[in-house]
S.K.: 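Please see the structure below; I have some questions.
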Amino acid sequence: MTNENITSVLTEKRTFAPNTDFINQANLIKKEYERLLWKSGTDFEGFWAELAEKNIFWFKKWEKILEWNEPFSKWFIDGKTNVSYNCLDRHLKDKSNKPALIWIGENKEKRNLTYRELFVEVCKFSNALLKLGVKELDRIVIYMPLIPEAVVAMLACARIGAVHNVVFGGFSKEALADRINDSKAKIVITADGGYRRGQIVPLKTNVDEALKKCSSVEKVIIAQRTKNKIEIKSDRDLWYHELISNLPADNPAKELDSEHPLFILYTSGTTGKPKGILHTTGGYLLWTTITSKWIFDLKDSDVYWCTADIGWITGHSYAVYGPLSCGATVLIYEGAPNYPDWGRFWEIIEENKVNIFYTAPTAIRAFMKTGDEWIKKYDLSSLRLLGSVGEPINPEAWMWYHKNIGKEKCPIVDTWWQTETGGILISPLPGVIVTKPGSATFPLPGIFMSVVDKNGKEVKPDEGGFLVITKPWPAMLRTIYGDDERYKQTYWKRIKNAYFTGDGARKDKEGYFWLLGRVDDVIKVSGHLLSTMEVESSLVSHPFVAEAAVVGYPHDIKGEALCAFVVLKQSANTDHHLFSEELKNHVSKEIGPVAKPDQIKFTESLPKTRSGKIMRRLLRDVASGKQTLGDTTTLEDVSVLEKLRAEEEE
Ligand code: WT7
């Protein structure tokens with residue numbers, strides 16, 4: 001970890017103040033914001049106690065707010081609550097007929113579930129899980145398309161204290177098998193298939209293949225979606241709809257400890273194996289609830305749409321738990337933004353009068369590229385707030401979003417957070433903060449962050465450094481599942497007394513935070529974190545490949561794209577062009593289409609230090625077509641670089 005690469009060149013002068021109409025109706029206004037800031041600074045625990053009391057239903061109140069044995073935290077000790085109760089039961093009194101979910105299928109089907117209906121479905125399915133012998137703390141893998149049953153499955157686990165582990169439906173059978181095995185899941189919930197751009201994704205078949213390598217799984221539950229032919233193993237497989245028929249429509253939510261594990265979600269790490277990020281109950285629930293209220297300004301009349309799949313943390317926190325705990329109407333959409341055409345999102349917004357829209361910069365950049373005509377066809381006047389998440393949104397994309405989607409009247413919340421943080425930590429508050437395009441602005445009240453050098457010393461304004469979190473927060477990950485040591489090493493060892501985010505950042509003279517991307521070997525492709533190591537392992541698993549190094553390079557739409565440098569075995573006598581396609585497909589099959597390299601460069605050797613470490617910095621320069629100005633003196637064989645460049649020019 002060095003300071004190189006994180007010099008910042010952006011200097012953005014435009015500012016946007018919230019307009020009076022928005023301010024007058026905002027959930028969080030300036031005076032209250034200032035009080036919260038003051039309170040969190042002067043009485044940290046009192047601040048959290050007040051929020052937990054006001055925003056969450058507790059079966060039994062906590063005895064103590066926080067136990068902090070760095071890096072392990074416990075929040076709301078001895079408090080008893082239930083996430084599913086907070087998302088469902090507590091709304092039944094006055095919102096029982098309000099739509100909780102509006103589901104849109106890729107083939108334009110639509111299903112509405114009111115809070116009452118969602119409650120009934122969750123109760124039935126949780127009864128089914130109990131009937132199958134699921135106990136508290138059992139791990140349940142959810143590998144599903146974005147259909148209401150997927151949300152039901154998550155809430156049903158939460159209701160009975162089982163721990164869900166959602167695996168993105170776009171992941172391959174290998175990735176699925178790894179995640180099942182690492183979490184030792186007892187049950188897999190899937191569907192016969194899912195739709196993606198008109199094609200059927202064979203989810204159940206992937207499960208069948210994966211389970212050949214997994215011994216922990218006892219039962220597979222299948223929701224019916226595509227009705228394609230699948231194989232049924234009669235002693236193992238059960239249909240969702242058969243399972244819940246005739247089960248009671250009530251099932252009291254378990255009174256769970258505040259620190260009861262809620263879910264595990266795998267995210268890419270710098271070293272091979274993905275990390276199972278563990279989140280627990282009370283703290284996570286509190287933070288996703290209040291951030292939804294503050295940042296998305298959720299009102300009873302709003303239709304709120306977060307475009308993320310539940311396979312990612314954004315889908316967990318801001319398509320399911322946060323907004324449902326606030327009693328909002330949440331829209332979920334199964335398909336792709338460009339199916340059947342690039343007007344799909346705008347059509348959904350028009351038809352459903354969406355008020356709040358939360359998406360990712362990679363989607364925004366794709367829309368910019370396809371042109372305005374798709375947008376002009378639809379009435380977007382229902383929109384009142386826009387959000388962005390997943391990677392830095394560059395000022396051009398921000399301005400485009402502001403003008404073309406927000407019609408210059410919607411505040412934009414650029415929200416910074418991570419799978420590990422559980423909820424948003426840096427974001428504008430739409431009725432309070434003056435925004436600057438490209439800046440996520442300030443850490444929220446209760447969140448303490450700074451930008452430091454490698455010794456942990458705060459850097460000067462406008463200097464680049466490492467983004468760290470200096471106090472625990474309730475939605476923080478508790479550990480990496482089954483690996484406390486890796487948790488310590490990954491997040492808490494690099495900078496003293498702080499959680500290191502892995503991101504570079506700078507603070508300007510007014511204290512605004514500007515994110516500068518990852519500083520480690522993790523790459524963001526289309527908003528999805530990929531570990532270079534994982535892609536490399538997949539490449540070398542091909543019998544022709546001797547060695548591989550993967551780096552990211554800037555890409556117009558994806559943000560970053562993957563370039564793989566591959567050294568072939570001597571015996572491999574192949575046509576480079578054809579083999580390059582074969583390798584790309586190999587990775588796509590092994591990990592999933594998101595990980596498919598955009599470029600493959602064959603080389604005789606890789607640039608390495610004398611100690612044998614691949615010098616990725618140099619490869620990044622080659623991949624992005626830059627001259628290498630940095631230090632190359634540690635390079636073992638300087639000619640390697642020359643050769644790579646020469647091949648480039650061929
Ligand atoms: C990484 C975390 C947070 C949910 C989705 C991604 C990058 C995220 C922003 C933003 C700049 C951002 C960071 C972070 N990131 N949001 N608003 N501005 N960068 O979760 O897959 O765990 O990725 O995404 O690099 O560390 P994740």
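Atoms within each ligand, like the ligands themselves, are counted from 1 in listed order. Bear in mind the structure is a predicted one, so any value in this text is a computation, not a measurement. Atoms considered below: every heavy atom in the structure, side chains included; atoms not considered: hydrogens, waters and symmetry mates.
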S.K.: Out of Thr288, Asn55, Asn27, which residue meets the side-chain hydrogen bond (donor to acceptor under 3.5 Å, both in side chains) rule with Lys293?
M.R.: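 Filter result, single survivor: Asn55.
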
S.K.: Which residue holds the protein heavy atom closest to atom 6 (C) of ligand 1, what is that atom called, and what is the gap in Å?
M.R.: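 Checking every protein heavy atom, the shortest distance to atom 6 (C) of ligand 1 gives Lys524 NZ, 3.4 Å.
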
S.K.: Please list the nearest protein heavy atom to atom 3 (C) of ligand 1 with its residue and the distance rounded to 0.1 Å.
M.R.: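 Here the nearest protein heavy atom works out to Trp417 O, 3.0 Å.
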
S.K.: Looking only at protein heavy atoms, identify the closest one to atom 16 (N) of ligand 1 and say how far it is in Å.
M.R.: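 Minimum-distance protein heavy atom for atom 16 (N) of ligand 1 reads Gly390 N, 3.1 Å.
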
S.K.: Does NZ in Lys30 sit with more than 12 non-hydrogen atoms of other residues, nucleotides or ligands closer than 6.0 Å?
M.R.: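 Incorrect, the count does not exceed 12.
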
S.K.: How far is atom 4 (C) of ligand 1 from its nearest protein heavy atom, and which residue and atom is that?
M.R.: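 Result for atom 4 (C) of ligand 1: Thr314 OG1, 3.2 Å.
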
S.K.: Indicate yes or no: does an N/O atom of Ser388 lie under 3.5 Å from an N/O atom of ligand 1?
M.R.: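 Among all N and O atoms of Ser388, none is under 3.5 Å from an N or O of ligand 1.
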
S.K.: Mind checking whether Asp503 has an N or O less than 3.5 Å away from an N or O of ligand 1?
M.R.: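 Indeed, backbone or side chain, Asp503 has an N or O that close.
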
S.K.: For Tyr143 and Arg179, test the side chains for any donor-to-acceptor distance below 3.5 angstrom and give the result as yes or no.
M.R.: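 Distance-only check fails for Tyr143 and Arg179.
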
S.K.: How long is the gap from OG1 on Thr267 to CD1 on Ile313, to the nearest 0.5 Å?
M.R.: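 So the OG1 of Thr267 and the CD1 of Ile313 are separated by 9.0 Å.
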
S.K.: Under 4.0 Å from a heavy atom of Leu515: which atoms of ligand 1 are those, numbered in the order shown and with their elements?
M.R.: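 Going through ligand 1 atom by atom, the ones under 4.0 Å from Leu515 are 11 (C).
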
S.K.: I'd like to know if Arg384 and Asp302 make a salt bridge, using a cut-off of under 4.0 Å between side-chain N and carboxylate O.
M.R.: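 Looking at Arg384 and Asp302, the cut-off is met.
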
S.K.: Provide the number and element of each atom of ligand 1 under 4.0 Å from a heavy atom of Thr419.
M.R.: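 Those qualifying, in numeric order: 20 (O), 21 (O), 22 (O), 27 (P).
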
S.K.: Judging by distance only, is a nitrogen or oxygen of Gln418 under 3.5 angstrom from one on ligand 1?
M.R.: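 In this structure, Gln418 places an N or O atom under 3.5 Å from an N or O of ligand 1.
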
S.K.: Can you sort out which atoms of ligand 1 are near Val389, meaning under 4.0 Å from one of its heavy atoms?
M.R.: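 Ligand 1 atoms under the 4.0 Å threshold to Val389: 3 (C), 4 (C).
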
S.K.: Salt-bridged, Arg365 to Asp556, with N to O below 4.0 Å?
M.R.: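 Looking at Arg365 and Asp556, the cut-off is not met.
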
S.K.: Identify the closest protein heavy atom to atom 11 (C) of ligand 1: which residue and atom is it, and at what distance?
M.R.: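 For atom 11 (C) of ligand 1, the nearest protein heavy atom comes out as Pro392 N, 3.1 Å.
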
S.K.: Quick one: does any side-chain atom of Asn455 pair with a main-chain N or O of Lys457 as donor and acceptor, under 3.5 Å?
M.R.: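 Not a single qualifying donor-acceptor pair exists.
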
S.K.: With heavy atoms only and a cut-off of under 4.0 Å, state how Ile313 meets ligand 1: side chain, backbone, both or neither.
M.R.: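 Answer for Ile313: side chain.
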
S.K.: Measure the distance from atom 10 (C) of ligand 1 to every protein heavy atom, then report the residue, atom name and distance (to 0.1 Å) of the closest one.
M.R.: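 Minimum-distance protein heavy atom for atom 10 (C) of ligand 1 reads Glu391 O, 3.5 Å.
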
S.K.: Does Asp598 have any side chain to side chain donor-acceptor pair (under 3.5 Å) partners at least two apart in sequence or in another chain, and if so, which?
M.R.: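 Per chain and number, Asp598 pairs via side chain to side chain donor-acceptor pair (under 3.5 Å) with Lys558.
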
S.K.: Geometry only, no angles: is Thr501 polar-contacting ligand 1 at N/O separations under 3.5 Å?
M.R.: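 No, no N or O pair falls under 3.5 Å.
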
